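Fair warning: this is a prediction, and the values are worked out from it, not measured in the lab. Naming: A, B, ... by sequence-line order, numbering from 1 per chain.
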Protein chains: 2
Amino acid sequence: MSLRHALLGFLNYGPHTGYELKKVFDVSVAHFWNAELSQIYPTLKNLETEGLVEMEVEVQADRPNRKVYSITEDGRRELLDWLTTPAEPDQVREALLIKVWFGSSVKKGEIIPVLEKRASELRERLAGYAAAAGFVREYTARTEMQSEALFWQLTMDAGIKHSQAHLEWIEDTIKTLEKMGESQFSTPPESLHKMHTKWRVETLEKLKAGAELAFRGTEPTTTG
Amino acid sequence: MSLRHALLGFLNYGPHTGYELKKVFDVSVAHFWNAELSQIYPTLKNLETEGLVEMEVEVQADRPNRKVYSITEDGRRELLDWLTTPAEPDQVREALLIKVWFGSSVKKGEIIPVLEKRASELRERLAGYAAAAGFVREYTARTEMQSEALFWQLTMDAGIKHSQAHLEWIEDTIKTLEKMGESQFSTPPESLHKMHTKWRVETLEKLKAGAELAFRGTEPTTTG
DNA sequence: TCCAACATGTAACCGGTTACATGATTCA
DNA sequence: TGAATCATGTAACCGGTTACATGTTGGA
């Protein structure tokens, strides 16, 4: 649960209400960590009962009162502690790869549009990053906020690099699939069954060692 | 929920028990889609009540009976339908990026070990991929299973490319941080507060348009 | 007139993980 | 002797999303 710590992080900049924090999330870290109001409100309440933040009510007429949260010394300690502790690798869950994995179960032409759809989404996203990056660069050049903006830039770079790599993979994959003959595809179920049985018994067994190194190797190294 | 469809995908190769399916997951798609037995069993039961799979009990002495599941025609239709429908972009959640985002809240030296830890994990992972890829190539060359293995190879390529991009970003980031002067760091809370207030009001407002394009642009295009 | 913004929340659900329960067999 | 494999499950929890509830103000 990093939402707690993300909230502490923003409150370390200064006091905010839950509503404000949602907006801050949306224009800053939303590309790698979304947060809903319905989750922010109870989380702030929890942080308060734990003594990591303090709340002050600002009475308002004709509107619900604002509940302004500030970080406490305990909260600041907790935040700095968390920030300097290595993060557990957040595990991947990519439905697209499942579709590719079972690509041999459908006709050749049918998996490519799925990839092309994702490719066009990624191109849009990269264009958006480019626009946002322009703003950041422009602003940083004219203010004394280089440090803050640098870290912002760094997380955007991560998003860009990730999107680019993903896009390249999709483009390569489409090319590979297009080069392939139609022959191996739409194998009738019975033969697929036989193939798989053999595949399972022979290949999977042999691959276990390599796979374990690749897929499990980093898991035990995780840290809170 | 792609677990349903992943299970259908493997059952389309041939009948399996839940226990077997877990093992198949572990040596094949675990690098991008983990599955626990405690989730597989009830999911299979659900698929059965929906008529997408059928179950046959194999009585065993001294062991719990094996429940062997097979895909039905309805299940096969559902699978092929899902496979050829574009995937919703599974949204990113990277705790490491939160730590980097708030990197200006800690002393310069303190965020680098966090990055280095992740870097070494990624190098391990890449070594594992290399080993597994070797096995796949070797085996594919000697069997008639090129098609199946190709799709396997493709998902591994995705993992490799992703890991490489992530690693490169980390290495670049470490270099950038090391090049920076100590000056901007450990800004005392009060000044940070002022900085952030200004930053929030001016920068965040201006960035909104760009950010929205980048971070929200692809969301409405999602499809189940 | 209608929608967005302000401002707070609760409740139901959902996919997934961790822990718990049972118990024989085989191999080191 | 003790761990791993075979084989099935349940229950509690957890982080997060979606839907629901309320009500004003100000601008297009």
Side-chain angles (χ1 to χ4, degrees), chain A residues 1-7 15-27 29-30 32-48 55-69 87-95 98 205 208 212 219-220 222 224, chain B residues 1-7 15-27 29-30 32-48 55-69 88-95 98 205 208 212 219 222 224:
Chain A
M1 204 207 338
S2 296
L3 178 64
R4 289 161 52 83
H5 297 104
L7 291 174
H16 291 283
T17 68
Y19 191 82
E20 283 170 353
L21 285 165
K22 165 64 173 162
K23 288 198 298 181
V24 171
F25 264 81
D26 282 351
V27 292
V29 299
F32 60 86
W33 203 279
N34 184 51
E36 297 297 332
L37 273 172
S38 58
Q39 200 191 353
I40 290 173
Y41 286 128
T43 304
L44 285 171
K45 208 171 258 177
N46 288 346
L47 287 172
E48 199 198 351
M55 190 264 283
E56 210 174 323
V57 178
E58 261 180 36
V59 181
Q60 296 195 134
D62 297 330
R63 271 171 209 281
N65 295 334
R66 288 159 49 86
K67 297 192 174 176
V68 183
Y69 290 88
E88 72 276 29
D90 343 54
Q91 88 146 17
V92 196
R93 255 176 212 287
E94 288 217 60
I98 297 189
E205 286 304 312
K208 221 174 168 178
E212 247 155 42
E219 276 176 32
T222 67
Chain B
M1 208 211 334
S2 296
L3 178 63
R4 290 161 52 82
H5 297 104
L7 291 173
H16 290 284
T17 70
Y19 191 83
E20 282 170 353
L21 286 164
K22 166 63 174 164
K23 288 198 297 179
V24 171
F25 265 81
D26 282 352
V27 292
V29 299
F32 60 87
W33 204 279
N34 183 51
E36 297 298 331
L37 273 171
S38 58
Q39 200 191 353
I40 291 172
Y41 287 127
T43 304
L44 285 171
K45 210 172 255 178
N46 288 346
L47 288 171
E48 199 198 351
M55 189 264 283
E56 211 174 322
V57 178
E58 260 180 37
V59 181
Q60 296 194 135
D62 296 330
R63 271 171 209 279
N65 295 333
R66 287 158 50 86
K67 298 191 174 176
V68 183
Y69 290 88
E88 72 276 28
D90 343 53
Q91 88 146 21
V92 196
R93 255 175 214 286
E94 289 216 61
I98 297 189
E205 286 304 310
K208 220 175 168 176
E212 247 155 41
E219 275 176 32
T222 67

Presence of B:Arg93 side-chain N/O under 4.0 Å of D:dG16 phosphate oxygens OP1/OP2
yes
Test item: B:Lys22 side-chain N/O and B:Ala35 main-chain N/O as donor-acceptor pair under 3.5 Å
yes
For DNA chain C, the residues among residues 35-43 of chain A that have a non-hydrogen atom under 4.0 Å from it
A:Leu37, A:Ser38, A:Tyr41
Nearest-Å distance for atom pair NE2/P, residues A:His5 and D:dG16:
12 Å
Please give, in whole Å, the distance from C:dT8 P to A:Glu58 CD?
10 Å
Which atom names give the shortest non-hydrogen contact between A:Gly18 and A:Leu44, and what distance separates them?
CA-CD1, 3.7 Å
In whole angstrom, what separates B:Arg63's CZ from D:dC6's C1'?
4 Å
D:dC6 phosphate, OP1 or OP2: any side-chain N/O from B:Gln60 under 4.0 angstrom?
no
Please report the distance, rounded to the nearest Å, between CD in A:Glu56 and P in C:dA7.
16 Å
Rounded to the nearest angstrom, tell me the gap between atom CD in A:Glu88 and atom P in D:dC14.
15 Å
Shortest side-chain distance from B:Lys45, nucleotide among C:dG16, D:dT10, C:dA7
D:dT10
Considering just the side-chain nitrogens and oxygens of A:Lys67, establish if one lies under 4.0 Å of OP1 or OP2 belonging to C:dG9.
yes
Taking B:Arg93 for its side chain and A:Asn34 for its backbone only, find out whether a donor-acceptor pair lies under 3.5 Å.
yes
Please state whether the phosphate of C:dT17, meaning OP1 or OP2, lies under 4.0 angstrom from any side-chain nitrogen or oxygen of B:Asn34.
yes
In sequence, state the C-alpha distance, the side-chain angles, and the governing distance for A:Ile98 and B:Val29, and then conclude on side-chain contact (heavy atoms from CB on, under 4.5 Å).
CA-CA 8 Å; A:Ile98 297 189; B:Val29 299; 5.8 Å; no
In terms of heavy-atom contacts, A:Gln60 and A:Asn65 come closest through N-OD1, 2.9 Å
For the pair made of CG in B:Asn46 and C1' in C:dC14, what is the distance, rounded to whole Å?
12 Å
Can you work out whether B:Gly18 or A:Leu3 has the more 5'-proximal nearest nucleotide on DNA chain D?
B:Gly18
Protein-nucleotide distance (B:Tyr19, atom OH; C:dA24, atom C1'), rounded to Å:
13 Å
Ignoring hydrogens, what is the shortest heavy-atom contact between B:Tyr69 and B:Lys45? Give both atom names and the distance.
OH-N, 4.4 Å
Phosphate OP1/OP2 of C:dC6: any A:Lys23 side-chain N/O under 4.0 Å:
yes
Does A:Arg66 reach a base, just sugar-phosphate, or nothing at all? Heavy atoms under 4.0 Å.
sugar-phosphate
The criterion is ring-ring contact (aromatic ring centres under 6.0 Å, His included); which residues satisfy it with A:Phe25, sequence neighbours excluded?
A:Phe10
Would you mind reading off the distance between A:Gln91 atom CD and C:dG16 atom C1', rounded to a whole angstrom?
9 Å
